[in-house]
There are 2 protein chains.
Amino acid sequence: MSASNLTVTLGDVAAAAGVSVSTASRALNGNAKACRISATTADRVREHARRLGFRPNLLARSLQSRRSGLLGVVVPDVANPFFAAIAKEVTRGAEEAGRSVLLADSGECNEREVTLVAELQARRVEGLVVCPVGVDSTHLEAANAAGTPVVVVDRGFRDGSLPTVTSDHRGGAERLIEHLLELGHRTIGIVQGRPGTLPNDDRLRAARDALAAVGVSIDDVPVAGNGFTERSGYESAARLLADRPDVTALFAFSTPNAFGALRAAAEAGRSVPNDLALVCFDDVPHGEFLRVPLTAVAQDVRRLGQTAAEVMAERLETGRPPRRRRYTVPVRFIARASSGGPLPGAEPRSRRRSSRESLAAGAPR
Amino acid sequence: MSASNLTVTLGDVAAAAGVSVSTASRALNGNAKACRISATTADRVREHARRLGFRPNLLARSLQSRRSGLLGVVVPDVANPFFAAIAKEVTRGAEEAGRSVLLADSGECNEREVTLVAELQARRVEGLVVCPVGVDSTHLEAANAAGTPVVVVDRGFRDGSLPTVTSDHRGGAERLIEHLLELGHRTIGIVQGRPGTLPNDDRLRAARDALAAVGVSIDDVPVAGNGFTERSGYESAARLLADRPDVTALFAFSTPNAFGALRAAAEAGRSVPNDLALVCFDDVPHGEFLRVPLTAVAQDVRRLGQTAAEVMAERLETGRPPRRRRYTVPVRFIARASSGGPLPGAEPRSRRRSSRESLAAGAPR
DNA sequence: CCATGTTGCTCAAACGTTTGCACAAGGCCC
DNA sequence: GGGCCTTGTGCAAACGTTTGAGCAACATGG
């Protein structure tokens, strides 16, 4: 009998209860006391609302209150577990604050991202959490300037004013290179992701710096790759291994990159880790069940999402600009089998700093 | 100069152009011709709109047109790649139809699902695509009856009227059991997911039927498990292996279940596939790189999502009830190493029907 | 018995659009 | 030169809420 009926309006409830619309509104919105609605009237209104299955129209409410209760989330690929996890945490945060999430998928296309952001603005989202494609930020800067707070996650922009949440790309890359150096590697091929994006370039720079610190010239660091995909990983690793047969280790910038490299290595007749060490940025779920468990640096995806949600929440609640411009989430180094043991004939380097290591290859947790 | 400004209203544009709001509205909405707005006026209005950075307020538009342009999507866990993929395809479909997606995460909690559906209805979504927790469907039936078309994906309900898109759970389970039977297995332990859900129960029934067809009594089919999680897989497999040392094969109902079973097997001192065969429903990405590549039945997740999107699109476009009540998406059987070779001493059964097999273990694609 | 305060409610404007209808001006026909 | 169609535009209502201001009725205090 009290099945919800979306066509019942506040007016209908008011009429049924024999009061005016305004009284009905106040009675239902809890602040009955403050608005001096008698308890009996309030009860009567509520009773009729229930009976008619009244559902307030949030569109109307939003229009009137100028608060849509909507948060826009834009990611390059929802199906990618990385972004899915971020979306999840942001959604959770938004819902805690009573907001709903409008999710959009840019498909790694900057133009689409621009369109989507405009669309979300048109829907009057109160804020935007964006994992940008990373090419251009003018639309995001514009939205931010126009009063829609923007928080950027993962891929950021070197300059500009947008608060940005990222993993510690530099620290992670440095850690992996140091690991390889300790094992005696000096000629390390880099299977990079999408050049020009902040995560990629930060990792690349950190890797080069770490190598330069032990005297490896920048020209002795072969680099290839043009995307975070398996295909790019495969092609660039194949090229790298063909051009520079002297590389003893590969550093892949993503797990798909690493899987591609793994295939390329197999086809080049180099077995991992015996003939070639492999490390990668980003961990793979169930990594311990892989034939060659991958030494990796794991990003704390949930914390990335949570941090973004928090930064956004604070901006929305206080109305202030964000405290900081950059929020860096630590990564976790996990040594597994793919990096192998020390190179024969290499004197192991001493570690410069300590760091909590994780379990070894394939150990059940 | 033409930076978008969300506070600029149609009224401002009209005033700037020296026309009435209605004229401005008609000029901007393209139907200028049909509404007999002169070309010069239309241009002038557009020019001023551009200059002022006018962005129509979609909330107002939605309210007036009674079409929110919103589609609600509810899944139990966005971070799960399976649901993320579904969300992606549905999002894509919605955007093609000019709608945006409101995404909600029920966290496998039925109560939460109920709340979320209500919330989405309050926002006047035009349709709901739901991967339900699967316990109860009254709220979904109610929404559907109240005029918000509902399409159910993955977990459905045995009765009721909601159009439902699922994988061919029965066919997949049957195929895996037949595979094991061919290899000579007769005592097959079932590591099930969440009992009571349609995918689980369909798979279970099909498995039992397939076994019964070759004379294995239902009492000789050990079953354990209470969730699609790794933990449940681990615990139930451990129990199964302890209680019934005679099982020669396990059928896990999800990849997490399978990983759990793998750990349990290792701890029980049984190596896969030599001492124990293992097959599972659901494929794992990069399955060929696993130490023990898993024989599996892969769901076509994208097609699940696409089908849901299509069914919803047709319902929304035509306004008709769905053509069918059940849409079944075929699965793909993939033989890999985890099911091992024929049992020693077993006469291999002949296949009853043919089916396209996929590549063998670990083959590069 | 009048000023004052409190209680309980209604009126009406506003949020930013869309859209049916009316209306003025001009051209055309007879 | 009056009727009529066409063209271009404006008025005002509507969508379903919220909310400030106003107004009776009644109690209170002097």
Side-chain angles (χ1 to χ4, degrees), chain A residues 4-46 48-49 52-70 121-126, chain B residues 4-46 48-49 52-70 121-126:
Chain A
S4 81
N5 186 338
L6 299 183
T7 67
V8 172
T9 88
L10 193 54
D12 299 337
V13 176
V19 298
S20 75
V21 200
S22 29
T23 304
S25 170
R26 292 191 241 254
L28 292 177
N29 289 339
N31 43 1
K33 284 282 162 50
C35 289
R36 302 181 312 200
I37 304 293
S38 75
T40 52
T41 307
D43 282 347
R44 185 155 36 92
V45 171
R46 276 192 283 265
H48 280 97
L52 296 175
F54 169 67
R55 302 259 146 203
N57 185 327
L58 256 43
L59 290 158
R61 213 209 289 273
S62 298
L63 177 60
Q64 145 71 30
S65 66
R66 247 156 308 185
R67 296 196 56 239
S68 68
L70 255 29
Q121 284 186 278
R123 291 201 185 271
R124 298 300 189 265
V125 293
E126 294 175 22
Chain B
S4 80
N5 186 337
L6 298 182
T7 67
V8 172
T9 89
L10 193 53
D12 299 336
V13 176
V19 297
S20 75
V21 199
S22 32
T23 304
S25 171
R26 292 191 244 253
L28 292 177
N29 288 342
N31 44 1
K33 284 281 159 51
C35 290
R36 304 182 309 200
I37 302 295
S38 73
T40 51
T41 307
D43 282 348
R44 186 155 36 91
V45 171
R46 277 193 283 266
H48 280 97
L52 295 176
F54 169 67
R55 302 260 142 202
N57 184 327
L58 256 45
L59 290 159
R61 210 209 289 275
S62 298
L63 177 60
Q64 146 71 31
S65 66
R66 245 156 308 186
R67 297 196 54 239
S68 68
L70 256 29
Q121 285 187 276
R123 291 200 185 271
R124 296 305 189 261
V125 293
E126 295 175 20

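Here is the naming used below: chain letters follow the sequence lines, and residue numbers restart at 1 for every chain. Keep in mind that what you see is a predicted model, and the values were worked out from it rather than measured. Hydrogens, waters and symmetry mates play no part in the numbers below; they use all other heavy atoms, side chains included.
Nucleotide C/dT10 holds its P atom 12 Å from the CG atom of A/L10, rounded to whole Å. Atom P of nucleotide D/dC15 and atom CG of B/L58 are separated by 20 Å, given to the nearest angstrom. The interatomic distance linking A/R124 (CZ) with C/dT17 (P) rounds to 7 Å, in whole Å. Rounded to an integer number of Å, the gap from CD1 of B/I37 to P of C/dG20 is 14 Å. The nearest whole Å value for the distance from the CZ atom in A/R66 to the P atom in C/dG16 is 5 Å. The distance from atom CD of A/Q64 to atom P of D/dG20 is 10 Å, rounded to the nearest whole Å. One atom, CG of B/L59, and another, C1' of C/dT17, lie 11 Å apart when rounded to the nearest Å. Spacing between atom CZ of A/R67 and atom P of D/dT19 amounts to 11 Å, rounded to whole angstrom units.
With hydrogens and angles disregarded, a donor-acceptor distance shorter than 3.5 Å links the side chain of A/R124 to the backbone of A/Q121. For the pair B/S65 (side chain) and B/R61 (backbone), a donor-acceptor distance under 3.5 Å is present. Looking at B/D12, its side chain does come within 3.5 Å of a backbone N or O of B/T9 through a donor-acceptor pair.
Of the residues near DNA chain D, B/T40 and B/L63, the one whose nearest nucleotide (by heavy atom distance) lies more toward the 5' end is B/T40. Comparing A/T7 and B/S22 against DNA chain D, the residue whose closest nucleotide sits nearer the 5' end is B/S22.
Distance from the side chain of A/S25 is smallest to D/dT18 among D/dT18, C/dC9, D/dT9. Here the nucleotide nearest the side chain of B/R36, chosen from D/dC15, D/dT17, D/dT7, is D/dT7. When distances are taken from the side chain of B/V21 to each of C/dT18, D/dG10, D/dT17, the shortest belongs to C/dT18. Closest to the side chain of B/V19, from the set C/dG16, D/dG10, D/dG16, is D/dG10. Checked against D/dT18, C/dT19, D/dT17, the side chain of A/N29 finds its nearest nucleotide in D/dT18.
Nearest heavy atoms, B/V13 versus B/L52: CA-CD1, 4.0 Å.
Of the side-chain N and O atoms in B/S38, none sit less than 4.0 angstrom from OP1 or OP2 of D/dT7. Of the side-chain N and O atoms in B/T41, one or more sit less than 4.0 angstrom from OP1 or OP2 of D/dT9. Neither OP1 nor OP2 of D/dT18 sits under 4.0 Å from any side-chain N or O of A/S65. Between D/dG10 and B/S20, a contact under 4.0 Å exists linking OP1 or OP2 to a side-chain N or O.
The base of C/dT17 has none of its N or O atoms less than 3.5 Å from a complementary donor or acceptor on the side chain of B/R26.
Side chains of A/S20 and A/T23: a donor-acceptor N/O pair is present below 3.5 angstrom, by distance only.
Heavy atoms of A/R55 sit under 4.0 angstrom from primed sugar atoms or phosphate atoms, though from no base atom.
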**Asked** Under the side chain to side chain contact (heavy atoms under 4.5 Å, CB included) criterion, do A/T41 and A/R26 qualify, and how do the steps go?
**Response** CA-CA 11 Å; A/T41 307; A/R26 292 191 241 254; over 6 Å; no

